[in-house]
Every structure is written in C-alpha cells, then in structure tokens.
Number of protein chains: 2
Amino acid sequence: MEGLDQIDTQILDLLQHDARVTTKELADKLGLTITPVSVRIKKLEEAGYIKRYVAILDRDKVGKALIAFTSVQLREHTQSALKAFEQKSVKIKEVMECYRLTGNFDFLLKIAIRDMREYNDFLMNKLSTLPNIGSVQTYFVLSEGKSETAYPLDINLSAR
Amino acid sequence: MEGLDQIDTQILDLLQHDARVTTKELADKLGLTITPVSVRIKKLEEAGYIKRYVAILDRDKVGKALIAFTSVQLREHTQSALKAFEQKSVKIKEVMECYRLTGNFDFLLKIAIRDMREYNDFLMNKLSTLPNIGSVQTYFVLSEGKSETAYPLDINLSAR
DNA sequence: TCTGAAATCGTAATCAC
DNA sequence: GTGATTACGATTTCAGA
C-alpha cells in the first residue's frame with residue numbers, strides 16, 4: 001500500500017475516534033457505497049495503518065483513580081544499561097507507558113494505580129528494585145484536561 | 001450497576017486489549033455461553049465502564065513520527081489562570097494529552113507532530129500565544145518502550 | 001475503482017428450561 | 001445461567017459498468 005488519499009485519511013480519522021461506526025455510516029459520510037469503504041478498511045488493516053481496536057475504559061470506575069508520571073535518571077548511560085532498564089520497567093504492570101527522552105531525565109513512565117498506597121508499593125517494591133536507578137521524581141496528575149488516543153491527522157477539507 | 005465481579009473484570013480486560021474479539025470467543029474463554037456475555041457487555045457499556053471503542057493507528061505510518069512532552073509553568077497560579085490555560089491548550093490539535101500536575105511544573109502536554117519543524121510551529125505560533133506562560137521545557141521521545149491504552153486490572157486468577 | 005445484489009457471518013432479542 | 005430460535009444488520013463476494 002503506497003500512501004493514503006483523502007478518503008483513506010478520513011476513514012482512519014473516523015475510526016480512531018469511534019471504531020463502532022458502521023461501514024454504512026462511513027460510506028454515507030464519504031459519499032460512497034459500502035463495498036469500497038469495506039475494501040479500504042481491510043487494506044488499511046492489512047497494511048498496518050490500523051494496529052488494533054481497543055475499548056477505552058473509565059479509569060475511575062475500574063479503580064485506577066491515580067495517575068503518576070515518574071521520571072527516572074539512571075546512574076550509568078551505557079547502551080546496555082538503558083536497554084536493561086527499558087526492558088525491565090515495561091514488564092511492571094502498573095507501567096502503562098515508558099518513554100526514553102531527550103533532556104535532563106532519561107525515562108518517563110506513566111503509572112496507573114488505585115491510590116497513594118499502591119504508588120508507594122510500586123516505588124518501593126518494583127521500580128526501586130531495578131538496577132542502576134539514579135534519581136526518581138514523581139508528578140501526580142491533579143486533573144486530566146485531555147486524554148486522546150487519536151492522532152491529529154491532516155484532513156484536507158477542500159478534497160470533498 | 002453496583003460493582004464488578006471477576007467475569008465482568010475479565011470481559012473488560014479482554015476488550016481493552018482487543019475490542020474485535022467476538023462474543024463467542026469471550027464466552028469460550030470465560031466458560032459461558034453467548035447470552036450472558038452479551039448482556040454483561042451491554043450493561044458495562046450502559047454503566048459507563050466502557051467509554052468508547054477506538055482504532056489505534058500506527059504513529060509513524062500516519063506521519064506523526066515525533067512525540068514531545070512539553071512541561072509548562074504559568075506565571076500566575078490563580079484558579080482562573082490555571083483553568084484558562086487548560087481550556088485553551090486542549091483546543092490545540094497537536095495536543096493529544098494535557099495534565100495538571102503536582103510538583104515543580106504545572107502542566108504536562110503530550111504533543112504529536114511530524115517533525116521538528118512542526119514542533120517549532122506548535123511552540124512559536126500556538127503554545128506561546130497562550131496567556132500567562134512562564135517557562136516551557138520540552139522533552140522529545142527517543143524511543144517508546146511501551147505505550148498501552150489498557151489499564152492494569154486486578155484479575156483474581158483463582159476465581160475460575 | 002466504483003455500484004448493487006446475493007450470500008455469509010455475528011449479534012441482539014426472545015423463549016422455555 | 002443454558003441452549004434454541006429468530007430477526008437484523010454488517011461484511012464479503014461477485015458480476016458488471
């Protein structure tokens with residue numbers, strides 16, 4: 001699959017906001033019939049543009065009321081030390097996201113837990129047991145102004 | 001709906017990893033038939049445990065190769081200044097996530113862009129036009145070790 | 001690459017148990 | 001909760017433009 005046209009991009013954008021939209025609805029919005037839309041979706045899936053479909057849960061309702069961003073600096077910055085930290089930290093179930101960053105800390109982790117007690121358990125019994133940890137700083141989320149899984153696609157509106 | 005039992009929790013966990021799993025597959029995994037599984041999913045949706053279903057796209061393939069975490073400190077910390085920043089920043093399309101944080105910066109933004117040129121445009125023409133900005137620090141993502149939308153649910157495995 | 005019809009498959013709703 | 005039936009809607013396939 002070589003490149004996306006405007007219709008592909010619009011399909012992706014609609015699906016990344018609502019994956020339950022029916023092919024018929026998509027077809028109507030795009031001014032097409034079901035068949036080509038269905039074919040395009042399948043191609044987008046097979047070519048890997050769509051990685052997967054997931055349900056987004058209500059964080060509070062499933063008991064993960066607390067989100068923390070934990071930044072980590074390692075003591076040693078060899079390639080193997082960086083790799084080792086990454087490989088081990090992502091195995092901790094509370095770690096939803098793990099990024100290696102530029103700037104004055106090495107890793108940023110997003111942690112989902114029930115409460116402060118669970119964060120303490122994460123910090124003391126899980127994160128701190130990893131080798132080579134230098135300094136750790138924690139930032140708790142006070143409020144979530146936006147939390148979007150959809151990427152900001154560039155849709156050329158004149159193309160309709 | 002008052003509380004989740006082990007079966008509900010397992011349904012949620014399976015759906016937050018793969019929303020395309022069929023009711024039949026869920027039923028088989030849970031040792032039930034389609035009917036009760038179908039009823040439970042509907043209840044979970046109606047009670048708001050499942051907020052929505054989305055497609056997760058391939059970031060590189062859709063041209064958002066660069067992710068930045070941008071931390072912002074405001075000059076003034078009145079309630080109205082904080083609220084105003086949050087309300088305005090979330091309207092910027094490149095801002096996928098916006099959190100108000102404890103600790104030594106006020107907001108953390110996750111920014112998805114094509115490249116450094118687009119980040120510069122975001123910073124110069126969008127973020128910096130918001131009122132009350134004190135200091136801004138940017139951390140670019142060098143590698144994404146884990147990027148999960150699923151919350152770490154506690155599944156009591158002994159319950160099967 | 002599209003349209004439109006036909007066949008297939010999954011889901012939702014209903015029922016007796 | 002099971003298991004069967006039904007009806008509906010979505011998806012896939014295919015002929016044809």
Side-chain angles (χ1 to χ4, degrees), chain A residues 1-58 61-62 149-150 153-160, chain B residues 1-58 61-63 149-150 153 155-160:
Chain A
M1 191 167 186
E2 8 53 51
L4 301 175
D5 62 14
Q6 285 302 315
I7 293 175
D8 290 326
T9 307
Q10 285 182 72
I11 291 173
L12 289 176
D13 198 39
L14 291 162
L15 286 176
Q16 73 172 342
H17 285 99
D18 178 12
R20 284 294 168 99
V21 65
T22 63
T23 316
K24 176 90 177 73
E25 289 174 298
L26 286 175
D28 289 345
K29 277 185 188 162
L30 299 167
L32 291 172
T33 52
I34 291 176
T35 313
V37 175
S38 184
V39 170
R40 280 168 182 268
I41 292 172
K42 188 154 205 188
K43 276 189 188 157
L44 291 167
E45 287 168 356
E46 280 166 0
Y49 286 88
I50 297 170
K51 290 204 294 187
R52 57 196 211 283
Y53 296 93
V54 302
I56 303 295
L57 306 186
D58 186 294
K61 288 209 168 80
V62 298
T149 55
L153 302 186
D154 311 302
I155 297 180
N156 178 3
L157 294 166
S158 68
R160 279 267 322 264
Chain B
M1 192 168 186
E2 9 52 54
L4 300 175
D5 63 13
Q6 284 302 316
I7 293 175
D8 289 326
T9 308
Q10 285 184 72
I11 291 174
L12 288 176
D13 198 39
L14 291 162
L15 287 176
Q16 73 171 341
H17 285 99
D18 177 11
R20 281 297 167 98
V21 65
T22 62
T23 317
K24 175 89 178 72
E25 288 174 298
L26 286 175
D28 289 346
K29 278 186 187 159
L30 298 167
L32 291 172
T33 51
I34 291 177
T35 314
V37 175
S38 184
V39 170
R40 279 168 183 268
I41 293 172
K42 188 154 205 188
K43 276 188 189 156
L44 291 167
E45 288 169 356
E46 281 167 0
Y49 285 88
I50 298 170
K51 288 204 294 187
R52 57 196 212 280
Y53 297 92
V54 302
I56 303 295
L57 306 186
D58 186 293
K61 289 208 168 81
V62 298
T149 54
L153 301 187
I155 297 181
N156 178 4
L157 294 166
S158 68
R160 279 272 316 269

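Computed from a predicted structure; not experimentally measured. So that the names make sense, note that chain A is the first sequence line, chain B the second, and so on, each numbered from 1.
- Nucleotide D:dA10 holds its C1' atom 12 Å from the CZ atom of A:Arg20, rounded to whole Å.
- Residue-level contact check: A:Lys43 touches the backbone only, with heavy atoms under 4.0 Å from sugar-phosphate atoms and none from bases.
- Distances shorter than 4.0 Å separate none of the side-chain N or O atoms of B:Thr33 from OP1 or OP2 on D:dG3.
- The distance from atom NZ of B:Lys24 to atom C1' of D:dG3 is 12 Å, rounded to the nearest whole Å.
- Atom CD1 in A:Ile34 sits roughly 12 Å away from atom P in C:dA5 (whole-Å rounding).
- Put simply, CG on B:Leu30 is 15 Å from C1' on D:dT2, counting in whole angstrom units.
- Distance from the side chain of B:Thr35 is smallest for C:dT14 among the nucleotides D:dG1, C:dT14, C:dA12.
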Audit row: A:Ile50, B:Ile56, side chain to side chain contact (heavy atoms under 4.5 Å, CB included) steps and yes/no: CA-CA 6 Å; A:Ile50 297 170; B:Ile56 303 295; over 6 Å; no

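- Straight-line distance from the CZ atom of A:Arg40 to the C1' atom of D:dT12: 17 Å, rounded to whole Å.
- Of the side-chain N and O atoms in B:Thr23, one or more sit less than 4.0 angstrom from OP1 or OP2 of C:dT11.
- Comparing B:Ile7 and A:Val39 by the nucleotide of DNA chain D whose heavy atom lies nearest to each, the residue mapping closer to the 5' end is B:Ile7.
- Side-chain N/O atoms of A:Thr22 and base N/O atoms of D:dG9 include no donor-acceptor pair closer than 3.5 Å.
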Apply salt bridge (Lys or Arg N to Asp or Glu O under 4.0 Å) to B:Arg40 and B:Asp8, showing your working. CA-CA 7 Å; B:Arg40 279 168 183 268; B:Asp8 289 326; 2.9 Å; yes

Between A:Lys43 and A:Ile11, does a side chain to side chain contact (heavy atoms under 4.5 Å, CB included) hold up when you go through it step by step? CA-CA 12 Å; A:Lys43 276 189 188 157; A:Ile11 291 173; over 6 Å; no

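- When each of B:Leu15, B:Asp18, B:Val54 is paired with A:Val54, the side-chain contact (heavy atoms from CB on, under 4.5 Å) condition holds for B:Val54 and for no other.
- Checking C:dA12, D:dG1, C:dC2 against every side-chain atom of B:Ser38, the shortest atom distance belongs to C:dA12.
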Check step by step if side chain to side chain contact (heavy atoms under 4.5 Å, CB included) holds for A:Asp58 and A:Val62. CA-CA 6 Å; A:Asp58 186 294; A:Val62 298; 5.8 Å; no

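- Between the OH atom of B:Tyr53 and the C1' atom of C:dT11 there is a distance of 12 Å, given to the nearest Å.
- Here B:Lys42 lies in heavy-atom contact (under 4.0 Å) with sugar-phosphate atoms only.
- As rounded to whole Å, 14 Å separates atom P of D:dG1 from atom CD of B:Gln6.
- Spacing between atom CD1 of B:Ile11 and atom P of C:dT11 amounts to 13 Å, rounded to whole angstrom units.
- Judged by closest nucleotide on DNA chain C, A:Val37 is the one of A:Val37 and B:Glu45 placed further toward the 5' end.
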